[in-house]
Amino acid sequence: MTVTHHRLLVHNGTFALLGPSGDITGARGALPDGLFTRDARHLSRWQLTVDGTTPTVLVPTTGGSGETASCVLAPPGGRGEPPAVTVFREQTVTAGTLVERIRLVSNRATSGRTMVALTVDADFADQFELRSDHRWYDKPHAVRSRETLPDGVAFGYRRREWHSRTVVSAEPAPDAVEDTGSGARRLVWLLESAPRGSAELVLRVAAHPHGAPGPATGSDDFPAAGTLPSAGPGMGSLDRACARGVADLAALRIPAEGPDGTIHRVPAAGVPWFLTLLGRHALFTSLLALPHLPQPAAATLPALAATRATQEDPARIAQPGKIVHEVRHGELAHFGQVPYARYYGAVDSTPLFLVLLDEHARVTGDTGPARALEGDARAAVEWMFRHGGLDGYGYLVYHPDEGGLANQSWKDSPDAICFADGTPARGAITAAAAQGYAWDALRRTAGLARRVWGDPGWAERLESAARDLRERFLADFWMPEHDFPALALDGTGRRVDALASDAGHLLWSGILDAERAVAVGRRLLEPDFFSGWGVRTLAAGQDAYHPLAYHRGGVWPHDNAVLALGLARYGLRAEGDRLLSGLMALAERHHHRLPEVVAGYGREECPEPVPYPYACSPQAWAAAAPLALLTARRAAEGGDGGAVHSSENGAGDTSGNASGNASGQSGGRLPGNPVPESAAAG
């Protein structure tokens with residue numbers, strides 16, 4: 001999402017998108033403005049007039065995210081009659097609240113009176129209603145209310161048990177609260193000012209969403225931006241990108257409940273559409289940031305454990321042990337009109353949960369979460385075999401969800417998993433990247449079983465299953481004609497032959513042997529993949545490629561950060577340096593913030609990166625990407641490279657002996673039941 005002419009304020013699960021004058025108009029579509037929390041718009045109009053006219057913008061509220069914005073306005077005037085007053089607006093967002101200070105400075109040598117008015121409204125629209133591709137949702141028995149208060153107005157919304165409020169209060173209280181005839185209310189003040197004097201209004205908008213959690217407990221030890229160690233000489237761009245990323249990650253934290261009821265602050269996926277907990281995004285964000293910033297991982301693990309599925313629910317793609325994909329708190333989710341209240345349409349969140357559980361223990365030395373979440377980990381492994389597909393297919397497999405997501409790997413747009421000619425893959429889909437995560441998860445969980453849980457027998461079974469999975473994968477996915485892995489297998493077992501950036505995730509997980517990994521790493525930096533800003537999701541020149549397609553040509557910084565870690569893992573220093581250079585050039589052109597995604601146009605054909613029109617900004621795993629690039633660079637320079645992949649069980653085969661001659665006919669199935677029934681249910 002481009003916010004060039006708007007100001008975005010984000011704090012603790014609340015965001016406000018304001019126009020250049022600080023106003024809110026109630027817009028919908030690609031750029032919905034307003035005050036939002038818990039998937040609902042709690043302020044849909046906030047329009048200022050001075051002496052009955054709309055002020056002219058002198059200094060607009062442009063820029064990136066933060067908690068405070070300011071702008072300077074003046075009533076319309078001219079050379080012969082300059083404005084009598086200048087208006088200074090300052091707006092601040094905190095959890096569930098917008099506070100505005102309006103200061104009028106008189107430009108007159110005599111006393112004067114100014115009429116200031118604010119038109120305000122709250123439509124309580126669910127975010128799914130505001131999208132460009134929204135459909136109409138029936139809302140039976142919904143009732144809206146407006147109540148004039150001594151110091152402002154309260155807006156209410158009720159639909160059966162669902163109840164939300166927005167309260168607008170002011171100091172001093174308005175001289176009048178007027179009915180506009182449209183449902184909105186107009187707050188009016190007549191302000192006296194001395195010659196060259198000033199007058200001030202302070203307004204507070206408090207959102208009271210349905211089902212809001214309590215405050216987070218414990219100290220907030222999230223570091224300030226810029227406190228990370230320097231990346232080294234000549235790496236100022238990376239230092240600035242890391243500082244910007246830490247600031248964005250701090251802003252994107254939202255409250256989420258852990259298994260014991262404790263409220264944690266987890267990384268939300270992004271603004272404006274995904275200021276909520278998305279399992280895959282929170283996991284990747286935590287993994288990319290972990291060597292330098294352990295707080296996201298420490299919050300994400302218990303929050304996802306608390307939301308893991310404990311029973312089957314086909315409407316939500318839920319099976320026992322599965323880690324959630326998306327959690328929504330809005331009205332439409334509450335009443336089941338969208339399936340995302342707790343939606344489990346992700347094949348990869350569950351193995352990534354196991355990867356993060358082990359990585360957190362290894363990087364921090366704290367085995368407390370691994371001990372506390374042993375039952376969740378065992379249930380997650382059981383899901384991989386019993387429901388995820390390892391038992392039945394030998395791989396993690398997903399089926400398209402007609403009511404939700406057709407694709408359930410990280411490239412989850414409907415057309416993302418396709419052949420080189422653009423034909424979508426059909427049937428049960430076996431995505432390549434997810435198999436790498438599964439292999440890594442099995443080996444890492446085996447390590448936890450040995451080191452932390454004292455269960456060497458289970459560890460041996462997991463290690464055996466991982467070996468068999470790897471042999472099958474190298475036999476079934478490798479495309480000798482391209483010297484490259486397939487993007488997926490379709491429902492018939494046919495290789496989905498699009499050349500895709502998912503191969504970089506295979507380097508990161510370590511499932512490829514050294515010979516193939518080096519070939520893949522070098523191939524990903526060839527011109528059809530590398531745009532000059534980063535590696536495209538699909539190599540250009542294929543019929544499926546489109547530079548403005550979300551997952552079929554766009555360049556994703558987090559995808560590139562995963563690749564950078566994989567390149568460092570296999571010692572591909574030159575390729576890693578080239579990738580880092582392109583990504584830092586991209587960050588510099590976005591005020592040191594890496595965007596969620598940019599178009600795939602090459603740097604040689606367009607000297608500036610082309611924005612993707614609906615990208616989130618800020619976005620969590622893009623914010624964490626510079627931290628991963630810092631990790632990769634240090635590893636490549638011979639520093640602490642353990643954080644690239646710190647599990648000794650997760651190391652790839654660096655001997656150069658390919659395992660691709662395996663028959664791929666058997667294996668991968670755990671003998672017996674690897675999880676006690678009590679653990680699977682817990």
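Judged by distance alone, the side chain of Asp151 and the main-chain N or O of Glu171 form no donor-acceptor pair under 3.5 Å. In this structure, Arg185 contributes its side chain and Phe155 its backbone to no donor-acceptor pair below 3.5 Å. Thr14 contributes a side-chain N or O that, together with a main-chain N or O of Gly96, makes up a donor-acceptor pair within less than 3.5 Å. The main-chain N or O of Arg593 is never found under 3.5 Å from a side-chain atom of His591 such that the two would form a donor-acceptor pair. Put simply, the side chain of Thr300 gets close to the backbone of Pro296: a donor and an acceptor are under 3.5 Å apart. A donor-acceptor pair under 3.5 Å is formed between the side chain of Asp51 and the backbone N or O of Met115. The backbone N or O of Val324 lies less than 3.5 Å from no partner atom in the side chain of Arg342, so there is not a single donor-acceptor pair. With hydrogens and angles ignored, the 3.5 Å screen pairs no side-chain donor or acceptor of Arg265 with any backbone N or O of Ala250. Using modelled atom types, no side-chain atom of Ser409 and backbone atom of Val347 make a donor-acceptor pair closer than 3.5 Å. No donor-acceptor distance shorter than 3.5 angstrom exists from the side chain of Arg328 to the backbone of Tyr343, with no hydrogens or angles considered.
Residues Arg244 and His592 have side chains that never bring a donor and an acceptor to within less than 3.5 angstrom of each other. Defined by atom type and a distance below 3.5 Å, a donor-acceptor pair is missing between the side-chain atoms of Thr49 and Thr54. Checking His11 against Thr94 by side-chain atom types alone, no donor-acceptor pair falls below 3.5 Å. For Glu100 and Gln91, the side-chain atoms include at least one donor-acceptor pair closer than 3.5 Å. Using modelled atom types and a 3.5 Å distance limit, the side chains of Thr25 and Asp33 yield a donor-acceptor pair. Looking only at atom types and distance, the side chain of Tyr398 has a donor-acceptor partner in the side chain of Asn407 under 3.5 Å away. No donor-acceptor contact under 3.5 angstrom links the side chains of Trp162 and Glu331, judged on distance only. In this structure, a donor-acceptor pair under 3.5 Å is absent between the side chains of Arg160 and His141. Side-chain atoms of Glu257 and His264 include no donor-acceptor pair closer than 3.5 Å.
Heavy-atom contacts from other residues, nucleotides or ligands closer than 6.0 Å to CD of Glu161 number more than 12. Atom CZ of Arg101 has 12 or fewer neighbouring heavy atoms from other residues, nucleotides or ligands inside a 6.0 Å radius.
Here the straight-line distance linking atom CG of Leu35 with atom OG of Ser44 works out to 10.5 Å at 0.5 Å rounding. Separating the OG atom in Ser70 from the CD atom in Glu90 is a distance of 6.5 Å, to the nearest 0.5 Å. Put simply, CG on Asp138 and CG on Leu332 are 10.5 Å apart, with the number rounded to the nearest 0.5 Å. Atoms CZ and CH2, on Phe284 and Trp410 in that order, are 9.0 Å from each other to the nearest 0.5 Å. To the nearest 0.5 Å, atom CG of residue Leu356 and atom OG of residue Ser349 are 11.5 Å apart. Atom OG1 of Thr68 sits about 8.0 Å away from atom CZ of Arg7, to the nearest 0.5 Å.
Leu283 has its side chain within reach of Leu304: a pair of non-hydrogen atoms, C-beta onward, lies under 4.5 Å apart. Side chains of Thr86 and Leu104 form no contact here, defined as non-hydrogen atoms less than 4.5 Å apart. No side-chain heavy atom of Glu596 sits less than 4.5 Å from a side-chain heavy atom of Tyr612. Using a 4.5 Å heavy-atom threshold, the side chains of Thr537 and Val555 count as separate. Residues Arg146 and Val120 are not in side-chain contact: their nearest non-hydrogen atoms beyond the backbone lie 4.5 Å or more apart. Looking at Pro83 and Val85, their side chains never come closer than 4.5 Å, going by heavy atoms from C-beta outward. Using a 4.5 Å heavy-atom cutoff, the side chains of Asp412 and Arg280 are in contact. At a threshold of 4.5 Å between non-hydrogen side-chain atoms, the residues Thr97 and Val205 do not count as touching.
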### Message
One pair to check against side chain to side chain donor-acceptor pair (under 3.5 Å): His208 and Arg165. What are the steps and the verdict?
### Response
CA-CA 5 Å; His208 301 278; Arg165 282 182 96 223; 5.2 Å; no

### Task
Let me see the working for Ile24 and Arg45 under side-chain contact (heavy atoms from CB on, under 4.5 Å), right down to the final yes or no.
CA-CA 5 Å; Ile24 293 167; Arg45 286 189 71 185; 5.6 Å; no

### Query
Between Arg186 and Asp121, does a salt bridge (Lys or Arg N to Asp or Glu O under 4.0 Å) hold up when you go through it step by step?
CA-CA 9 Å; Arg186 188 168 177 257; Asp121 199 4; over 6 Å; no

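With respect to Asp126 and Lys139, no salt bridge is recorded, no charged nitrogen being found less than 4.0 Å from a carboxylate O.
The side-chain tip of Arg159 does not point at the ring of Tyr157 from less than 6.0 angstrom away and within 45° of straight on. Geometric assessment of Arg253 against the ring of Phe222 yields a positive cation-pi assignment under the 6.0 Å and 45° thresholds.
Of all the heavy atoms in Ser21 and Cys71, the pair that sits closest is O-SG, 3.4 Å. Across every non-hydrogen atom of Ala306 and Pro259, the tightest pair is CB-N, 3.6 Å. Shown here for Pro172 and Trp189, the closest heavy-atom pair between the two residues is O-NE1, 3.0 Å. In terms of heavy atoms, Ala318 sits closest to Tyr344 at CB-CD1, 3.5 Å. Summarising the geometry of Ile323 relative to Thr350, their closest heavy-atom pair is N-OG1, 3.0 Å, with the distance given to 0.1 Å. When all heavy atoms of Thr53 and Pro75 are compared, the pair lying nearest together is OG1-CB, 4.4 Å.
Between Tyr550 and Tyr614, the ring centre distance reaches or exceeds 6.0 Å. Aromatic ring centres of His42 and Phe124: separated by under 6.0 Å.
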